[in-house]
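Notes follow once the structure below has been shown.
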2 protein chains.
Amino acid sequence: MKIHELEKRMKEAGFKLTNQRLSLLSVLDKFSETMVTAEELLTECQKDYPATNITTVYRNLILLEGLRLLHKTSDSKGKSLYKLVCSDEHHHHMVCLDCGKVESFDFCPLEELRKITERNNFRLVEHNLELYGVCSECDKKINEE
Amino acid sequence: MKIHELEKRMKEAGFKLTNQRLSLLSVLDKFSETMVTAEELLTECQKDYPATNITTVYRNLILLEGLRLLHKTSDSKGKSLYKLVCSDEHHHHMVCLDCGKVESFDFCPLEELRKITERNNFRLVEHNLELYGVCSECDKKINEE
DNA sequence: AAACTAAATGCAAACGATTTGCAATAAGGA
DNA sequence: TCCTTATTGCAAATCGTTTGCATTTAGTTT
């Protein structure tokens, strides 16, 4: 989703477009291929707009999540990671354990999963299919060392 | 895995079988079908052995994780959830969002996933396929209300 | 353009989950 | 039974995140 579209969505939802928010959106956009922490977002935001504060970052992340514009997960230590949602059609991700880069792929065995849950009278709400490993760039770097 | 086997593994790894540990193993075994928090484990442990302490629970959970006997994830709020690893062959889980119950299924599209990662020069380390929803019992309960 | 008002911010302090330092205790071999 | 070292319990520290409150600001209204 383009930044302009994100700004429009916030505005339409009745939120003010403060400098802190514009800066956060632009940073999120910049990192749209990577899962990042709130702290990393803050650091980047401060480059545009030094006054930005971690509290504000968190508050706006919560807000974006509420608008379903932001995807939140947690790393193995329980720390939260964020990324703008993908607006394209259904797909899943490969996440690099080294640099956090996220690559997408279209495959999803949803049909099969539906059959399984029906067989168990399990009301399927969500499914999560994610691959973890080392992306080609990081793998190259490791081999060079 | 049977409790006795777990105890054996700990002992073999050079750890002492304290009452706190025995009590934790038995509680984990009791909850082997459910993801539970450290707090819930403590509460149960204290029924057997009232002196048990949250610090000890955490320390032993870390230890069991290190022995690869324990599986750790986090819920949507980042709180950690634990469960003994399954010793049976490769499978995935459906997790009830209501009661935490975990059911297993054998299906896994690993072949397909391998093809995808190879195509992307992505070195696959781990994959996660998990279904979330409402289990048949909870669904029944909800409908009764 | 100045005034207004509710929303948004920044700070410091609170928070909950988890970890750590340290002195006291207990497991399991000698 | 004794001894040594691992383990425990407690309190305090830590980390990421959230909240209360006074101040500031966006975006409207005059």
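Hydrogens, waters and symmetry mates play no part in the numbers below; they use all other heavy atoms, side chains included. Throughout, protein chains are lettered first and strands after them, A, B, ... in sequence-line order, and every chain is numbered starting at 1.
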Which whole-number value in Å describes the distance from [X] [atom1] to [N] [atom2]?
X: Asn53(B); N: dA11(D); atom1: CG; atom2: P; answer: 10 Å
X: Lys79(B); N: dT17(D); atom1: NZ; atom2: C1'; answer: 14 Å
X: Asn60(A); N: dT18(D); atom1: CG; atom2: P; answer: 12 Å
X: Leu63(A); N: dT18(D); atom1: CG; atom2: P; answer: 13 Å
X: Leu61(A); N: dT17(D); atom1: CG; atom2: C1'; answer: 11 Å
X: Leu81(A); N: dC15(D); atom1: CG; atom2: P; answer: 18 Å
X: Arg59(B); N: dA6(D); atom1: CZ; atom2: P; answer: 14 Å
X: Ile54(A); N: dG16(D); atom1: CD1; atom2: C1'; answer: 9 Å

If the threshold is 4.0 Å, N to carboxylate O, is there a salt bridge linking Arg114(A) and Glu118(A)? no

* To do: For the pair Glu137(B) and Lys101(B), find out whether any cationic side-chain nitrogen is under 4.0 Å from an anionic carboxylate oxygen.
  => yes

Of Lys72(A) and Thr56(B), whose nearest nucleotide on DNA chain D comes first from the 5' end?
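Mapping each residue to its closest nucleotide by heavy atoms, the 5'-most match is Thr56(B).
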
Would you kindly say whether [X] and [Y] are connected by a side-chain donor-acceptor distance under 3.5 Å?
X: Ser80(A); Y: Ser74(A); result: no
X: His127(A); Y: His92(B); result: no
X: Gln46(B); Y: Thr43(B); result: no

Which nucleotide of DNA chain C is the first, and which the last, in the 5' to 3' direction, to come under 4.0 Å of a heavy atom belonging to chain A?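 It runs dA6(C) to dA12(C).
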
With the side chain counted from C-beta on, respond yes when Leu28(A) and Leu70(A) share a heavy-atom pair under 4.5 Å apart, and no when they do not.
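Yes, their side chains come closer than 4.5 Å.
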
The complete set of salt bridge (charged side-chain N to carboxylate O under 4.0 Å, His left out) pairs with one or both residues in residues 46-69 of chain B, sequence neighbours excluded, reads Glu44(B)-Lys47(B)

### Message
Any base atoms under 4.0 Å from Ser80(A), or only sugar-phosphate, or nothing? Heavy atoms, all strands.
### Response
sugar-phosphate

The residue among Glu12(B), Glu5(B), Glu7(B) that forms side-chain hydrogen bond (donor to acceptor under 3.5 Å, both in side chains) with Arg9(B) is Glu5(B)

Using atom names, set out every protein N or O paired with an N or O of nucleotides 26-30 of chain D below 3.5 Å, distance rounded to 0.1 Å.
{"unit_1": "dA26(D)", "atom_1": "N3", "unit_2": "Lys16(A)", "atom_2": "NZ", "d": "3.2"}
{"unit_1": "dG27(D)", "atom_1": "OP1", "unit_2": "Leu17(A)", "atom_2": "N", "d": "2.9"}

*asked:* Would you say Arg21(B) places a side-chain N or O within less than 4.0 Å of OP1 or OP2 belonging to dT7(D)?
replied: yes

query = Looking at CG of Asn53(B) and OG1 of Thr56(B), how far apart are the two atoms once the value is rounded to the nearest 0.5 Å?
reply =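 Asn53(B) atom CG to Thr56(B) atom OG1 measures 4.5 Å (nearest 0.5 Å).
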
